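Keep in mind the model is a prediction, meaning the values are calculated, not measured. We number each residue from 1, following the sequence as shown.
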Amino acid sequence: MTSSPTHSPPPPPDNGPRMSREDFDSLFVSVRTWGTWSPADRGAWNRVTPAHVQRATALVRSGVTVPMALPWNTVPGPDNGKPALHYMSDLGDVEAPEPSCHKDFIAVDYHGKGVSHLDALSHIAYRGQLYDGRTAREVVDAAGAHFGAVSELGPLVTKGVLIDLPAVLGTDWLEPGTAVHAEDVLAAEKALGVTIAEGDAVLLRSGHFRRRAELGAWNPDNASAGFHVDAVPLLAERGISLLGGDGDSDVRPSPVDGLHSPVHALALTAMGVPLLDNLDLEALSNACAAAGRYEFLLVVAPLNVPGGTGSPVNPVAVL
C-alpha cells in the first residue's frame, strides 16, 4: 500500500467506551502471563528466539535505515515538564594543548513525554505488584529495581510492524483523545498488508508529531491518541514482544475508572511486554509508504543501567 499526503479532517476524538475497575481486573487476569518464563525479568522478550531474529533479517531488502528517537529535548514546554540537560564540560582548555578535547554532560528524567524511551518491567506496579507477582515494595527501593530492571532486557532484534492508522484512514493524524480498538488494528493489518505474529514488535502511529509540528505542542497527559484496553486481548493473543508508538500507547483521558494508565498496567505488569514511548514515526511512515510495506527489521538497544526502570533509546528500523 502506498499513501500520499492528505488534508482530510480527522474524525472527532472518542476515548470510549468506559470500563469499570472490576471489568479491568478481569481483563488483567485474562491476559496475565505470570509464571511463563525464566528469567521472568525479560518478560515477553523471551519470545524472541534466534529463529525470530533470522526471519526478521530476511525483511531487509533496500537497506534503508530509519531512526525513531526524538532530538534530545532541553527546551521546557507543555509536553516537556522536565527538560533534559546538556552542557559542555570541557572546551579544549583543560588537558595539555595537543590534541585538544571537547566534552559534554547529559542527564535526563526520561519517564515523561519529551524523551523517546523504553519502559522496563519494573516501571509499573498494579495493586502493589510488578510483573510475575513480585511485590513492588520488596524489589524496588532507593538503590533501584532488583527485579525487572532494564539491564536484564539486553537488545531486541525482531520483526517490527507499523500500524499506521492515519495512512489507513487517509488523514494527517488522529486527534488527541482518540482510542484505537481491536477492530482498528485488524482493519489496519488488512489495509497495510501485514500480520502481527508471535515475537513481533508493534508500533502505533497516530501522527502525533505531525500534528505537533503543524499546530504546536500540547500536554499529552491530558489528551493523546492511543490504544483502548479492548485492543489488548488481540495483542496478547498474537504474542507480541514489544509495544510502542508516537504516544505512550495509552489513550488519554483513560477510559478505565480510577486508573490513569491502564494499557501500561496490562502490557508491563500483566503481560510482561516492555513499552516504547514517544517515538517519532513520521520518517518511518514515509519510508514504509515508499517501500509499499509496513514490516521491517527492528533493533532496540537500551542502555545497560543496573537497577534502571527503563532507558532513553533510539530504535532503528531497517527496510
Side-chain angles (χ1 to χ4, degrees), residues 66-86 106-124 150 153 156 160-166 172-180 201-227 240 242-254 260-265 267-268 273-287 298-303 305 308-317:
V66 186
M68 297 174 235
L70 296 171
W72 197 250
N73 194 346
T74 61
V75 180
D79 55 354
N80 194 26
K82 297 178 179 179
L85 302 178
H86 178 220
I106 59 173
V108 68
D109 187 345
Y110 57 87
H111 282 301
K113 308 300 182 183
V115 178
S116 301
H117 67 271
L118 177 78
D119 292 339
L121 302 190
S122 54
H123 176 49
I124 294 290
V150 70
L153 289 174
L156 178 73
V161 175
L162 179 65
I163 301 299
D164 194 339
L165 282 185
D172 293 335
W173 56 72
L174 305 183
E175 278 297 311
T178 301
V180 175
V202 176
L203 305 180
L204 172 66
R205 176 179 174 258
S206 70
H208 179 110
F209 288 102
R210 179 165 181 178
R211 186 184 193 276
R212 188 184 190 279
E214 294 192 17
L215 301 182
W218 71 96
N219 186 352
D221 282 329
N222 296 331
S224 61
F227 287 107
I240 65 172
L242 176 67
L243 185 64
D246 52 11
D248 67 0
S249 293
D250 268 288
V251 65
R252 300 183 188 280
S254 167
H260 64 80
S261 300
V263 172
H264 272 64
L268 289 164
V273 173
L275 296 176
L276 282 173
D277 294 348
N278 314 319
L279 304 181
D280 186 344
L281 298 177
E282 297 308 297
L284 180 58
S285 173
N286 293 334
L298 178 69
V299 180
V300 182
L303 298 176
V305 183
T309 62
S311 167
V313 69
N314 182 19
V316 176

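For Glu282, the side-chain hydrogen bond (donor to acceptor under 3.5 Å, both in side chains) partners are Arg205, not counting sequence neighbours. Listed by chain and residue number, nothing satisfies the side-chain hydrogen bond (donor to acceptor under 3.5 Å, both in side chains) test with Asn278 (two or more places apart in sequence, or in another chain). Residues satisfying the side-chain contact (heavy atoms from CB on, under 4.5 Å) criterion with Leu276, sequence neighbours excluded, are Leu118, Leu203, Leu242, Leu279, Val300, Val313, Pro315. A search for side-chain hydrogen bond (donor to acceptor under 3.5 Å, both in side chains) contacts involving Asn286 returns nothing, not counting sequence neighbours. Shown here are the side-chain hydrogen bond (donor to acceptor under 3.5 Å, both in side chains) partners of Ser206, two or more places apart in sequence or in another chain: Asp246. In terms of the ring pair (Phe, Tyr, Trp, His ring centres under 6.0 Å) criterion, residue partners of His111 (sequence neighbours excluded) are, by chain and number, His117, His123. Here Val273 pairs with Ala44, Ile240, Leu243, Ala267, Met271 under the side-chain contact (heavy atoms from CB on, under 4.5 Å) rule; sequence neighbours left out. Residues passing the side-chain contact (heavy atoms from CB on, under 4.5 Å) test with Asp79, sequence neighbours excluded: Lys113, Arg212, Ala217, Pro220. Remark: Val180 pairs with Leu165, Leu174, Asp184, Val185, Leu204, Phe227 by the side-chain contact (heavy atoms from CB on, under 4.5 Å) rule, at least two apart or across chains.
Using a 4.5 Å cut-off on side-chain heavy atoms (C-beta onward), Arg211 and Pro176 make contact. Counting heavy atoms from C-beta outward, Asn219 and Arg252 have side chains that stay 4.5 Å or more apart.
Across every non-hydrogen atom of Tyr110 and Pro312, the tightest pair is CD2-CD, 3.8 Å. Across every non-hydrogen atom of Phe209 and Asp280, the tightest pair is CD1-CA, 4.0 Å. Here the closest non-hydrogen pair linking Val150 and Val305 is CG1-O, 3.6 Å. Contact detail for Asn314 and Pro67: the closest heavy-atom pair is OD1-CB, 3.5 Å. Contact record, Ile124 with Ala265: CG2-CA, 4.0 Å, taken as the closest heavy-atom pair. The two atoms that bring Val66 and Ala287 nearest to each other are CG2-CB, 3.9 Å, heavy atoms only.
Atoms NE2 and OG, on His208 and Ser224 in that order, are 7.5 Å from each other to the nearest 0.5 Å. One finds the CG atom of Leu298 at 10.5 Å from the CG atom of Leu162 (value rounded to the nearest 0.5 Å).
No donor-acceptor distance shorter than 3.5 angstrom exists from the side chain of Asp250 to the backbone of His260, with no hydrogens or angles considered. Using a distance-only test at 3.5 Å, with no hydrogens or angles considered, a donor-acceptor pair links the side chain of Ser311 to the main chain of Leu303. Judged by distance alone, the side chain of Asp119 and the main-chain N or O of Leu275 form no donor-acceptor pair under 3.5 Å.
Every pair passing side chain to side chain donor-acceptor pair (under 3.5 Å) that includes a residue from residues 67-77 is listed here, sequence neighbours excluded: Asn73-Asn80.
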